[in-house]
S.K.: 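The structure's right below; bear with me while I get my questions together.
Only this structure's heavy atoms are used, side chains among them; waters, hydrogens and symmetry mates stay out.
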Number of protein chains: 4
Amino acid sequence: MSKNKIIDAAIKLFSKLGYHRTSMDDIAAEANVAKGTLYYHFSGKGELFETIVTNGINMLKSEVQNVLREDQSAEQQVRLIVQKHIELFLRYNELIHIISNELTNGIEPDILERIGKLKADYIAFLSGILSMGYEDGVLNKFNSEWIAAGLLGLIETSCLYYIKQPGSHSVEQLHETINAFVLPALLKKDG
Amino acid sequence: MSKNKIIDAAIKLFSKLGYHRTSMDDIAAEANVAKGTLYYHFSGKGELFETIVTNGINMLKSEVQNVLREDQSAEQQVRLIVQKHIELFLRYNELIHIISNELTNGIEPDILERIGKLKADYIAFLSGILSMGYEDGVLNKFNSEWIAAGLLGLIETSCLYYIKQPGSHSVEQLHETINAFVLPALLKKDG
Amino acid sequence: MSKNKIIDAAIKLFSKLGYHRTSMDDIAAEANVAKGTLYYHFSGKGELFETIVTNGINMLKSEVQNVLREDQSAEQQVRLIVQKHIELFLRYNELIHIISNELTNGIEPDILERIGKLKADYIAFLSGILSMGYEDGVLNKFNSEWIAAGLLGLIETSCLYYIKQPGSHSVEQLHETINAFVLPALLKKDG
Amino acid sequence: MSKNKIIDAAIKLFSKLGYHRTSMDDIAAEANVAKGTLYYHFSGKGELFETIVTNGINMLKSEVQNVLREDQSAEQQVRLIVQKHIELFLRYNELIHIISNELTNGIEPDILERIGKLKADYIAFLSGILSMGYEDGVLNKFNSEWIAAGLLGLIETSCLYYIKQPGSHSVEQLHETINAFVLPALLKKDG
DNA sequence: TATGAATGAGCATTCATTCAT
DNA sequence: AATGAATGAATGCTCATTCAT
């Protein structure tokens with residue numbers, strides 16, 4: 001189906017080139033459809049972009065939710081969240097890159113706002129999980145949102161840095177390092 | 001002097017609009033010079049951008065170096081690094097945003113490479129300080145580079161999240177939260 | 001029936017937006033049919049437009065013919081023609097606007113020619129009536145065609161001007177003014 | 001100078017093809033300049049069009065004003081106005097065509113409004129002259145505006161009709177016919 | 001040093017039309 | 001008789017860059 005071909009091509013190109021350097025011609029060529037077809041399925045470049053980002057965020061959220069279960073301890077949940085995010089950020093690093101970096105300027109304000117809300121929701125979702133586990137800890141509501149945001153920034157930056165390196169280290173080492181950095185703070189005791 | 005007017009205008013506009021949305025016309029108008037003058041002083045948009053980013057990174061580095069002194073303990077240095085970065089990221093958040101986000105795509109590859117090197121140097125510089133303080137700790141060289149990168153990502157994301165909020169919390173609370181998150185891991189004991 | 005729905009939609013939109021600003025998509029949407037259906041019933045946009053204009057001119061002609069009767073004096077006929085045209089131009093001003101303005105450019109030449117002929121026929125028809133009444137007057141054949149054309153231009157422009165005004169004057173005043181202007185010239189002695 | 005070449009080309013093409021069928025590419029080609037040059041001198045197609053129409057209306061007005069003198073009788077002035085308009089409409093018929101027909105749809109509303117005001121001013125100017133000469137006559141203020149509008153419509157349509165004909169009649173005959181039609185109504189006595 | 005008119009490749013978008021079903 | 005997904009040429013516009021002065 002044309003629509004899916006377009007979405008796949010757009011993810012690929014937006015990731016590689018960013019929003020502004022990706023032209024609708026590029027996308028059409030990559031998707032092997034005529035340029036007009038893009039506009040049959042999407043109202044414009046902005047909507048196409050929004051679709052991809054929205055899908056991406058929802059996918060991330062559901063992947064994370066899938067590994068969390070009610071019967072897990074708070075500590076297990078925190079460990080799983082960190083682990084799953086590293087895994088997702090490595091696997092979908094191009095999509096992640098779109099979601100975190102391309103969302104600031106030069107895109108229609110209303111689209112930006114809707115996506116911003118989605119991202120805030122996602123952080124609130126993570127923050128909720130952290131808070132739950134730490135009701136008896138030092139972190140309170142507002143703190144935990146900053147922590148959640150910072151945690152994502154940390155994992156993303158580390159993963160990006162890892163990817164850029166010429167494969168000199170293993171994924172396990174990345175997990176270890178991030179865990180060693182992050183868990184001591186998130187978990188009340190231990191490091 | 002025209003050149004300085006151009007640089008000031010470019011910083012302002014690149015920060016506000018990003019690389020692609022800032023046009024040479026905009027910069028010329030903001031600097032109150034004719035468009036041709038830009039090309040008299042810089043070979044093109046890319047070089048102008050590179051100049052600004054290079055200046056920015058050097059400024060950050062020297063600001064951080066200025067607060068570090070030989071007679072400080074490792075712990076003091078780590079605390080100062082974190083504190084100073086929060087301060088700088090809040091103050092120069094637009095410039096920071098350029099440095100971290102606008103540098104991935106759509107700029108001439110050679111420029112990108114040079115700037116990438118500068119950034120790597122900066123991370124190596126931070127990593128060096130961390131390593132020094134932890135020669136007796138668990139972190140080793142490769143770990144500390146990831147940590148340095150992750151630390152910057154964390155601080156930047158948290159600050160960005162802080163800035164976006166409608167002023168509901170104080171800067172002090174931001175410092176406290178980030179410290180509470182980061183220091184337990186970086187410093188051998190304590191939280 | 002689809003065809004009628006299409007014609008109705010097309011009249012409405014061509015009148016409101018003109019030929020070029022009316023898209024086949026618009027027409028299909030307004031008519032509640034699929035886009036392909038337009039091309040089932042009409043060979044293209046041009047033919048659809050021609051159908052509407054032809055229908056419109058024929059309608060005008062028959063409306064005018066309906067008020068003219070053999071037993072009327074020449075003066076009566078002239079008065080009726082003027083009066084009826086004002087009435088029609090006010091009622092169908094959007095259609096009139098298409099017929100007089102949209103027919104000069106940007107439409108396939110052969111369509112343009114056929115419609116042009118229709119318009120010339122209409123003017124000849126009016127001219128014939130005027131001539132008949134003035135066989136004993138000063139106006140001769142070629143004069144009366146110019147007069148007929150001019151008369152239509154005058155009535156249209158006046159009506160358009162009247163319509164654009166914020167309802168400050170009555171239709172009666174419009175009739176009076178146009179009559180006061182036009183009849184003295186058309187009728188041998190005053191009006 | 002490029003700007004003049006562009007204006008000349010635009011007048012020619014807008015007249016021949018109308019607003020929508022004239023592309024900026026066409027204009028650039030006709031003017032022998034690069035496409036970008038159009039946008040260096042004009043903000044867009046709309047402004048280019050507005051410039052031409054505004055210039056045209058002002059030119060017409062000043063040409064008409066130039067033949068009117070204080071010491072002329074009202075009758076002389078009316079005769080001169082009619083005569084001058086016929087002359088102008090024949091000479092600048094393409095420009096006239098733009099001014100009267102292309103101003104209804106599909107052009108930015110604000111441009112349309114400004115041009116509409118200019119046209120209304122022009123009609124008010126003519127209406128003023130007519131009124132002055134008829135202070136003792138039957139026409140009053142609102143009447144004279146309609147008359148002015150209608151007069152222009154009449155002259156334009158007649159001239160257009162004249163132009164379309166295969167040169168079978170002389171300009172003198174056109175003047176005579178229009179005068180014979182128009183003067184009886186405008187001038188209190190006589191024909 | 002500095003200017004600004006001119007350029008032309010590139011871009012997002014529109015839209016009449018086709019065709020397999 | 002009717003559909004709607006797909007097309008691709010055309011269009012208005014942007015913008016980094018050049019160059020004669």
S.K.: Both B/A34 and C/G46 contact DNA chain E. Taking the nearest nucleotide for each, which residue is further toward the 5' end?
M.R.: B/A34
S.K.: Relative to the 5' end of DNA chain F, which residue comes earlier, C/N32 or A/N32, by the nucleotide with the nearest heavy atom?
M.R.: C/N32
S.K.: Grab the CZ-C1' distance between B/F14 and F/dA16 for me, whole Å please.
M.R.: 11 Å
S.K.: Atom pairs under 3.5 Å, N or O on each side, protein against nucleotides 19-21 of chain E: can you list them with distances?
M.R.:
none

S.K.: With sequence neighbours left out, which residue pairs that include part of residues 41-56 of chain D fulfil the salt bridge (Lys or Arg N to Asp or Glu O under 4.0 Å) condition?
M.R.: D/E50-D/R114
S.K.: Which residues pass the side-chain contact (heavy atoms from CB on, under 4.5 Å) test with A/N93, sequence neighbours left out?
M.R.: A/I163
S.K.: Quick one: does any side-chain atom of D/T22 pair with a main-chain N or O of D/L13 as donor and acceptor, under 3.5 Å?
M.R.: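 Checked: pair present.
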S.K.: Determine whether a donor-acceptor pair (N or O, by modelled atom type, separation under 3.5 Å) exists between the side chain of C/T37 and the backbone of C/V33.
M.R.: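 Side chain of C/T37 to backbone of C/V33: no pair is present.
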S.K.: Ignoring hydrogens and geometry, is there a side-chain-to-backbone donor-acceptor pair from C/D26 to C/S23 under 3.5 Å?
M.R.: yes
S.K.: Nearest whole angstrom, please: distance from the P of F/dT14 to the CE of B/M24.
M.R.: 18 Å
S.K.: For a quick check of understanding: with a heavy-atom distance under 4.0 Å over all strands, which category does B/S43 fall into, base, sugar-phosphate or nothing?
M.R.: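 It contacts nothing in the nucleic acid.
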S.K.: Quick check: on DNA chain E, is the nucleotide nearest C/S23 upstream (toward 5') of the one nearest B/H41, or the reverse? Name the residue that is more 5'.
M.R.: B/H41
S.K.: Under a 4.0 Å heavy-atom cut-off, which of residues 1-13 of chain C touch DNA chain F?
M.R.: C/S2
S.K.: Determine whether B/F42 and B/I7 make a side-chain contact, defined as any pair of heavy atoms from C-beta on separated by less than 4.5 Å.
M.R.: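 With C-beta onward as the side chain, the pair touches.
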S.K.: Rounded to the Å, how far apart are A/L38 CG and F/dA6 P?
M.R.: 11 Å
S.K.: Between B/T22 and A/T37, which has a closest nucleotide on DNA chain F that is more 5'?
M.R.: A/T37
S.K.: Hey, does the side-chain of C/K35 have a donor or acceptor N/O within less than 3.5 Å of a partner on the base of E/dT17?
M.R.: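 Looking at the base of E/dT17, it does pair with a donor or acceptor on the side chain of C/K35 (distance under 3.5 Å).
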S.K.: Only pairs at least two apart or in different chains count here, so list each salt bridge (Lys or Arg N to Asp or Glu O under 4.0 Å) that has a residue in residues 28-40 of chain C.
M.R.: C/K12-C/E30, C/D25-C/K35
S.K.: Can you check the B/L17 CG to F/dC15 P distance for me, whole Å?
M.R.: 11 Å
S.K.: Given the rule in the side chain to side chain contact (heavy atoms under 4.5 Å, CB included) test, do C/L60 and C/L95 qualify, once you have shown the distances and angles that lead to the verdict?
M.R.: CA-CA 10 Å; C/L60 292 184; C/L95 183 60; 5.7 Å; no
S.K.: NZ/B/K3 to CG/B/D8 distance, rounded to the nearest 0.5 angstrom?
M.R.: 13.0 Å
S.K.: If you write DNA chain F from 5' to 3' in dot-bracket form, with Watson-Crick or G-U pairs under 3.5 Å, [ ] for crossing pairs and | for pairs with another strand, what do you get?
M.R.: .||||||||||||||||||||
S.K.: Before giving the answer on side chain to side chain contact (heavy atoms under 4.5 Å, CB included), spell out for A/T54 and A/L118 the whole-Å C-alpha distance, their side-chain angles and the decisive distance to 0.1 Å.
M.R.: CA-CA 8 Å; A/T54 302; A/L118 256 189; 3.6 Å; yes
S.K.: So C/M24 and C/Y39, do their side chains get closer than 4.5 Å, heavy atoms only?
M.R.: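 Sidechains of C/M24 and C/Y39: in contact.
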S.K.: Let me know the distance between CD of A/E108 and P of E/dA12, rounded to the nearest Å.
M.R.: 11 Å
S.K.: Report the distance from atom CG of D/D26 to atom P of F/dT11, rounded to the nearest whole Å.
M.R.: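 Atom-to-atom, D/D26 to F/dT11, this comes out as 7 Å.
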S.K.: Spell out, as yes or no, whether a donor-acceptor pair under 3.5 Å connects the side chain of A/K119 to the backbone of A/I99.
M.R.: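 Present.
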S.K.: Could you tell me how far apart B/Y19 (OH) and F/dT14 (P) are, to the nearest whole angstrom?
M.R.: 19 Å
S.K.: Starting at atom NZ of C/K45, determine the distance to atom P of E/dT17, rounded to an integer number of angstrom.
M.R.: 8 Å
